[in-house]
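Notes follow the structure.
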Protein chains: 2
Amino acid sequence: MPITIADVAARAKVSKTTVSRVLNGKGELDESTAARVRAVIDELGYVPSARAVNLARGRTRVVGMLVPSLTWPWMGEVLQGAVDVLEAEEYGLLLFTCNRGDDSMRQFGAQVAAKSFDGLLVIEPEGTLDYITTLHSRGLPMVLIDDRDQLSGGQIPTIGTTNHSGAADAARHLLAIGRHKPLVITGPARFGCTVQRTDGFSSVYAEAGHPISDAHVMTGDFTVACGADGVKQAIALGLEFDAVFCHNDLSAFGVVQAIQDSGRRVPDDVAVVGFDDIPMAAHHQPPLSTVHQPMREMGEAAARTLLAHFDGTPVPNRQTIIPATFTVRASTQA
Amino acid sequence: MPITIADVAARAKVSKTTVSRVLNGKGELDESTAARVRAVIDELGYVPSARAVNLARGRTRVVGMLVPSLTWPWMGEVLQGAVDVLEAEEYGLLLFTCNRGDDSMRQFGAQVAAKSFDGLLVIEPEGTLDYITTLHSRGLPMVLIDDRDQLSGGQIPTIGTTNHSGAADAARHLLAIGRHKPLVITGPARFGCTVQRTDGFSSVYAEAGHPISDAHVMTGDFTVACGADGVKQAIALGLEFDAVFCHNDLSAFGVVQAIQDSGRRVPDDVAVVGFDDIPMAAHHQPPLSTVHQPMREMGEAAARTLLAHFDGTPVPNRQTIIPATFTVRASTQA
DNA sequence: CTGAAAGCGCTTACAG
DNA sequence: CTGAAAGCGCTTACAG
C-alpha cells in the first residue's frame, strides 16, 4: 500500500538508482529524466521512508536531549531554543528525562546503545556526569548545557553563562541604590554556579568597602521555601539587612513573601534580586529584578554547535559562554 | 567496528535467526543454545541497531508530539506526564512545535509522510484542526489533548477536562464565602473552554439568585495584561465587584496586581480565582485559589491511550475526561 | 548520463 | 529445535 522508490522507478521507467539521485540531487542527470521522475514523485505523493533512509545512510537525523526534569520553570525556554534550531535544519528532537530515576537512565542508555539518535544535547542530571563523560569518550557527539557551571572536566563541548559577572552586576546595582547590608540566599553549596554567584557578588561588596559577613550568607536549595526560611531566620537572629540577593527566582519569591509578612516593604525597606529571569519574574508582585540567564539562546547555541559538529566543523574550543544580563524591575526600585 | 547480529551469530556458532529468536524471545529454543547466545551477547555488549530493527519491523517505537509552544506555563507538566509513560514502555518521544509558523508545520508534515513515528500526541496549534483531522483519517494513530474543549468533530480520540464543572465549583466557592458580585475575565471567545467556563460559572450564580450582568463579563486573552486591564476598566466604569473569576492563572496575576494598585485588598475586598493551577499559582502573592487542570494526568492518559491503541486495544469511546478540581488558597480566604 | 547489484542490520515466513 | 533465504526500502560503489 505505501508507495516506495520502486513504484516511482517503475512508473518513471528508470532505475531506483536514478530516482535516488533526483531525490538527493547527486550525480549528473539528464534534465528531462529528472523532470519526469519529479513529476511521478509529485503525482504519487511519494516521500522516502525515514526508516529505510536511516538504515541505508547509517544516521537518523535525530538529536537526543537529556534533561533532569521538564517542569523546571526555565526548561521550556531551553527546549524551545533547541527545537527551533533543529527543526529548521530538518532534525528531530528525541526527549529523555530522569524523572523515574535509575530506570529512566537505563532506558536512556539502551537508546544510546541502539544508536537511536546521532548526537546528544544534555543538561546534566545530578550525579550522571561520569556516565555522560563515558558516553562522550566512546564517541557519542554531544554538547552540554551547563546550567550549574560545573566545568565538566573540559572534554565535552559546553554552553555556559556568566554566573560570576552576573552576580557582580547585581551587587553593583544594589550598591548603586545605596544598599550596603545584603543578605544572600544561595543555591546548594555543591554546585559550581553557587560558588560563582556567591563569589561574584561578595567580591564587589568587599571591594566597595562593605564586606559581607558569613552570617549574612545562607545556604538555600533553589526552592521558594528556602527563601522564606532564610529571611525568617535572619530576622530571628536579629541580622540587619536592606537587600537580599537570591541565587534563583523561586527563592526570591519566597523572600519577598517573608519580608512582607514581617511587615517590611519591598523595595523600600528591603530590595530583592533573583537569578534566572524565569517567565514569571516580570509578572511577580512586585516585578522581580533579576539576573537574566539566556536559556533560550543557550538551547539554540547547543543545537547549532552539535549540528556544526555533524557537518565536520570542529567544535569550538571547549566552553561557549553566553553572558547573563542584569534586569532592573520594581523589586529594587521604588 | 560496531558489532552486529552476524558477529554474535558467528561467535556463538548459530545462525542470525537463532540470535534474533533469543533477542525477541520467540519460538522454542534449546535452553543451552539460548544460554550460550546470551553469554556471547553479554560478552560483546551487543545491542541491536534501532535503525535496522525499525526497518525490518516496519515501526519505530517512537511517538511524535506536536504542541503549539514549549514555553506555556503548564506545558512542562503535560510533557512530563507523556514522557514518563512512554519511557516506561520503552518508547521515545519526538517533539514538534509550531514556533516557526508555517515552516514548522511543513517540517512536521514531512516527518509524518516519512513515517518517522508510529503515532502522535497533539495539543492542537490553533488553526490546524483540519490538517490534524486529515492526518488522522489517513490512518495516523493519534490522541488529542484538548486543552481548549473544542469537540474535534468526534473522530479523534481525545483527552479533556471538566471546564464547565470546574468553573461551577469556583462559583460555589465564591458564593459560599459571600461574594455576590463577581467580575469575570474570560479567554478568547472562539475557544470552547471559554464558553464552558463562562457558562458553568454564570449558571451557578444565576441559580443562586445572583445573575451576572453582561457588563461584568470581560473578554480577555489569557495574558497577565488582560487581567490588569479588565480590572482597571471595571473600576473606570464604576462597576461594583467583590470577586474576580479569571479563565487562567496568568490573567489572575494581572488582576491581583491591578486590584492592589487600586488600593483594595485581596481577598478582603476582592477575592480572586484563577484557572489552570500552574506551578506558580501556589507561590504567588497571595497564593492563588484556582481550578486545577490535571495537565500531567492528561499527558499520561494520552500516552497510555495511544500505546493501548498500538496493542490493538480499541480506543475508548471518544473523549476521556479527567476532572478539574477547585483548589482553595489565600486569594479567596483571609 | 544510467543501471545492476551489493549492502545497511535486522525479522520472518518457510523448510527441515 | 535450527537455519538458509528473502525482504524491509533505501544508498552507494562499480560498470558501462
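The figures that follow rest on heavy atoms only: side chains count, while hydrogens, waters and symmetry mates do not. Naming convention: chains lettered A, B, ... in sequence-line order (proteins, then strands); numbering from 1 in each chain.
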Task: With sequence neighbours excluded, residues passing salt bridge (charged side-chain N to carboxylate O under 4.0 Å, His left out) with A:Asp103 - done: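 Per chain and number, A:Asp103 pairs via salt bridge (charged side-chain N to carboxylate O under 4.0 Å, His left out) with A:Arg100, A:Arg106.
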
- [ ] Just jot down the salt bridge (charged side-chain N to carboxylate O under 4.0 Å, His left out) partners of A:Glu28, sequence neighbours excluded, or say none.
- [x]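 By the salt bridge (charged side-chain N to carboxylate O under 4.0 Å, His left out) rule, A:Glu28 matches no residue at all.
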
Task: B:Gly127 backbone acceptor or donor facing B:Glu124 side chain under 3.5 Å - done: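 Flag set: sc B:Glu124 to bb B:Gly127 pair under 3.5 Å.
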
TODO: Look only at the side chain of A:Thr161 and the backbone of A:Ile322, and say whether a donor-acceptor pair between them is shorter than 3.5 Å.
DONE: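 Yes, the answer is positive, given that a donor and an acceptor are paired below the 3.5 Å cut-off.
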
Open item on the list: Using side-chain heavy atoms (C-beta onward) and a distance below 4.5 Å, is A:Pro279 in contact with A:Glu77?
Closed with: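 A side-chain contact under 4.5 Å exists here.
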
Open item on the list: Does the protein touch nucleotides 6-16 of chain C at the base, only the backbone, or not at all? Give it as B, S and - per nucleotide, heavy atoms under 4.0 Å.
Closed with: -BBBBSBB---

Open item on the list: Could you tell me the Watson-Crick or G-U partner of D:dA15, where both distances fall under 3.5 Å? Say none if there is no partner.
Closed with: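 Pairing partner, where one exists within any strand: C:dT2.
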
Task: Pairs touching residues 129-144 of chain B that satisfy salt bridge (Lys or Arg N to Asp or Glu O under 4.0 Å), sequence neighbours left out - done: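 Sorted pair list comes back empty.
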
- [ ] Please list all pairs passing the salt bridge (Lys or Arg N to Asp or Glu O under 4.0 Å) test where one or both residues lie in residues 43-68 of chain B, with sequence neighbours left out.
- [x]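 Residue pairs with at least one partner in residues 43-68 of chain B: B:Arg11-B:Glu43.
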
Task: Residues within residues 32-45 of chain A bordering DNA chain D, heavy-atom distance below 4.0 Å - done: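 Here the set is empty: none.
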
TODO: Look at the side chain of A:Asp30 and decide which nucleotide, out of D:dG3, C:dG3, C:dC1, has an atom nearest to it.
DONE: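 That would be C:dC1.
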
Task: B:Asn99 and B:Thr97: side chain donor to acceptor below 3.5 Å - done: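 Their side chains do not contain a donor-acceptor pair, so the 3.5 Å distance test is not met.
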
TODO: Examine C:dG3: is either OP1 or OP2 under 4.0 Å from a nitrogen or oxygen in the side chain of A:Thr18? Give yes or no.
DONE: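 Checking C:dG3 against A:Thr18, a side-chain N or O does come within under 4.0 Å of OP1 or OP2.
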
